[in-house]
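Notes follow the structure.
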Amino acid sequence: MSRTLLDKLWDAHEIRVDDDGTSLLWVDRHLVHEGSHHAFAKLAERGMPVARPELTFAVADHYAPTRGREAVADPAIAKMLERLERNTAAHGIALFGLRDPRQGIVHVLGPEQGLTLPGLLVTCGDSHTSTHGAFGALAFGIGATQVAHVLATQTIWQRRPKAMRIRVEGALGPGVTAKDIALHWIARLGTSGATGHAVEYAGSAVRALSMEGRMTLCNLSIEGGARFGLIAPDDTTLAYVADRPFAPRGAEFEAARADWAGLASDADARFDREVEIDAAEIAPTVTWGTTPEQALPITGRIPDPGALDGGRAEAARAALDYMGLTPGAPLEEIAVDRVFLGSCTNARIEDLRAAAAILKGRHARVPGIVSPGSMLVRAQAEAEGLDRVFTDAGLEWVGAGCSMCVGMNGDTVAPGERCASSTNRNFRGRQGKGARTHLMSPVMVAAAAVTGRLTDARTLMEERA
Ligand SMILES: CC(C)[C@H](C(=O)O)[C@@H](O)C(=O)O
Ligand code: SF4
């Protein structure tokens with residue numbers, strides 16, 4: 001029988017199926033961050049060891065200070081970091097800690113280190129674990145109780161999701177990126193548009209994306225309701241994976257490559273749902289509201305809630321009130337107070353290069369910080385001189401971590417301030433109490449920095465050409 005990529009990955013990891021249809025799955029890689037302390041405490045309560053510490057990898061990211069790392073000033077943050085150190089040391093788990101030159105956001109670091117590989121099952125107590133599906137891995141976020149279960153057993157109970165395919169065909173226009181594909185489909189289908197499904201991304205526009213772009217796309221799957229994003233591995237994937245520190249080498253790599261070749265949906269595989277998108281129709285997209293589905297092409301205007309249907313009208317009214325925006329105003333006229341370039345969505349080397357290309361030789365009208373996704377991305381960017389482009393423009397170049405994406409490390413947007421952000425969530429208060437977030441791609445963040453308002457990056461690109 002023909003199978004989808006999801007079926008193949010699921011079947012390869014299924015140990016048994018319960019009477020209620022839930023599957024027990026083997027976990028190849030378990031990634032943990034500071035939030036894992038609840039799970040470690042559960043283990044301690046019952047005096048249980050970690051079943052497979054060598055398959056567990058820990059990262060300091062959510063609370064990682066982006067400045068002053070030598071001596072962490074905030075005692076609450078220091079405590080979170082120390083807990084992670086203590087728990088991982090007690091169980092013999094490898095830790096990419098604050099002072100490790102490889103430290104970074106878990107969803108940037110995993111792939112970068114070659115911990116994430118095609119065909120593996122990857123879990124992490126974090127909703128954006130869908131990112132790793134870009135490699136053709138079965139990757140999903142789990143809750144605190146499930147983290148304890150994986151630590152104790154290296155397995156996870158999970159219900160098989162339905163299979164959905166989003167095909168993006170054709171070529172993306174200049175200045176249009178993977179982030180725009182994601183915001184576009186979420187705006188079209190809604191934040192629960194893919195609930196209960198694993199989304200496999202396919203089509204020529206997806207094949208043409210770099211691994212960085214594919215990770216951005218899979219990262220945002222969860223914002224459209226899907227806990228799983230998937231892309232079949234191909235030559236782009238192999239080229240990225242080869243020679244990564246934890247990736248197989250030599251004969252083992254060749255054997256793996258042969259296995260990975262089968263990781264694609266069969267030509268006649270049936271999906272529960274199929275969506276087609278024409279790449280040429282996607283514009284640089286920005287959010288205007290407080291959920292990722294409240295997004296529009298930058299050339300648009302703030303919608304009139306009166307013109308929307310019932311539930312959406314009310315949500316739009318509330319969002320515009322919080323965001324301090326008026327219906328009918330052109331998006332390009334919205335002034336921002338600051339910019340943030342960072343997060344597991346868009347802080348990889350390619351993202352920084354794209355933003356730097358806009359900022360080179362220009363000045364930012366508003367303050368902002370650039371936080372690379374990992375310290376290795378940071379080092380690479382510095383080797384390429386990108387840090388100078390950012391600092392010459394007037395932006396602050398800081399260390400790696402979740403930073404202003406969620407503000408847990410103290411990097412926040414002030415109440416009422418408006419931020420152009422390369423992150424994935426624009427919820428109320430996400431970047432700080434009363435903070436107003438507009439989600440967009442790195443090039444669009446750079447363009448907003450240059451003009452001090454939401455800006456179509458394509459106009460700045462044309463000026464250059
Ligand atoms: C804090 C963490 C568990 C959370 C998540 O699950 O995604 C965070 O990373 C986020 O992006 O909101
Ligand atoms: S960068 Fe943001 S979205 Fe990503 S894991 Fe950290 S807090 Fe979550």
Side-chain angles (χ1 to χ4, degrees), residues 30-39 57-66 77 80-81 83-84 96 103-112 116 122-134 139-148 150 179 182-183 186 191 212 215-229 287 290-292 340-348 351-352 369-375 377-378 398-413 419 421-432 435 437 439 442 445:
H30 186 206
L31 309 175
V32 297
H33 57 65
E34 299 94 314
S36 60
H37 68 89
H38 297 291
F57 298 85
V59 181
D61 57 4
H62 282 74
Y63 290 85
T66 45
I77 289 175
M80 288 302 288
L81 297 167
R83 265 185 184 160
L84 184 68
F96 299 91
Q103 179 267 343
I105 307 170
V106 63
H107 311 309
V108 176
L109 183 148
E112 191 171 74
T116 307
V122 181
T123 59
C124 175
D126 193 282
S127 54
H128 295 101
T129 308
S130 57
T131 309
H132 309 256
F140 51 101
I142 56 178
T145 312
Q146 293 178 304
V147 172
V150 178
K179 179 65 156 283
L183 291 175
I186 296 167
T191 46
E212 284 86 348
M215 284 188 257
T216 300
L217 191 54
C218 288
N219 176 278
L220 284 143
S221 304
I222 185 75
E223 307 310 329
R227 289 176 57 220
F228 307 73
T287 61
T290 53
T291 85
F340 176 61
L341 183 56
S343 89
C344 62
T345 311
N346 274 132
R348 297 182 180 82
D351 300 314
L352 301 187
I369 64 178
V370 183
S371 175
S374 73
M375 291 308 272
V377 169
R378 186 178 148 98
V398 301
C402 295
S403 182
M404 205 175 268
C405 172
V406 70
M408 288 177 172
N409 74 337
D411 292 344
T412 54
V413 175
C419 180
S421 184
S422 69
T423 53
N424 52 32
R425 286 185 170 159
N426 53 344
F427 307 157
R428 288 159 183 261
R430 167 75 179 186
Q431 295 188 290
T437 303
L439 305 177
V445 168

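We count ligands from 1, going down the list as the structure has it; atoms in each ligand are counted the same way.
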**Message:** Any heavy-atom pair between the side chains of Met215 and Pro111 that's under 4.5 Å?
**Reply:** yes
**Complete:** Atoms of ligand 1 under 4.0 Å from any heavy atom of Met408, numbered from 1 in the order shown, are 1 (C)
**Flag side-chain contact, heavy atom, 4.5 Å: Val32 against His37** = no
**Message:** So for Cys405, does at least one of its heavy atoms come nearer than 4.0 angstrom to any atom of ligand 1?
**Reply:** no
**Prompt:** Parallel under 30°, tilted from 30 to 60°, perpendicular over 60°: which one fits the rings of His62 and His33?
**Reply:** tilted
**Message:** Suppose we measure from atom 5 (C) of ligand 1 to each protein heavy atom; which comes out shortest, and what is that distance?
**Reply:** Ser127 OG, 3.3 Å
**Prompt:** Is Thr131 close to Ser221 at the side-chain level, that is, under 4.5 Å between some pair of heavy atoms?
**Reply:** no
**Complete:** Sorted by chain and number, protein N/O/S atoms nearer to atom 2 (Fe) of ligand 2 than 2.8 Å are Cys405 SG
**Asked** Quick check: does Asn424 get an N/O under 3.5 Å from an N/O on ligand 1?
**Response** no
**Request:** Could you check atom 3 (C) of ligand 1 against the protein and tell me its nearest heavy-atom contact, residue, atom and distance included?
**Result:** Gly125 O, 3.7 Å
**Request:** Answer with side chain, backbone, both or neither: which part of Glu34 has a heavy atom less than 4.0 angstrom from an atom of ligand 1?
**Result:** neither
**Request:** Name the option, out of His62, His107, Arg430, that contains the heavy atom nearest to atom 1 (C) of ligand 1.
**Result:** His62
**Asked** Hey, which atoms in ligand 2 end up nearer than 4.0 Å to a heavy atom of Arg430?
**Response** 2 (Fe), 3 (S), 7 (S), 8 (Fe)
**Message:** Against ligand 2, does Asp126 come closer than 4.0 Å with any heavy atom?
**Reply:** yes
**Request:** Please tell me if the side chains of Pro292 and Phe427 come closer than 4.5 Å, counting only heavy atoms from C-beta onward.
**Result:** yes
**Request:** Please identify which atoms of ligand 1 are closer than 4.0 Å to at least one heavy atom of Asp126.
**Result:** 2 (C), 3 (C), 4 (C), 5 (C), 6 (O), 7 (O), 8 (C), 9 (O)
**Asked** So Phe228 and Phe140, would you call those rings parallel, tilted or perpendicular, with 30° and 60° as cut-offs?
**Response** tilted
**Item:** Lys/Arg N to Asp/Glu carboxylate O, Glu34 vs Arg83, below 4.0 Å
**Value:** no
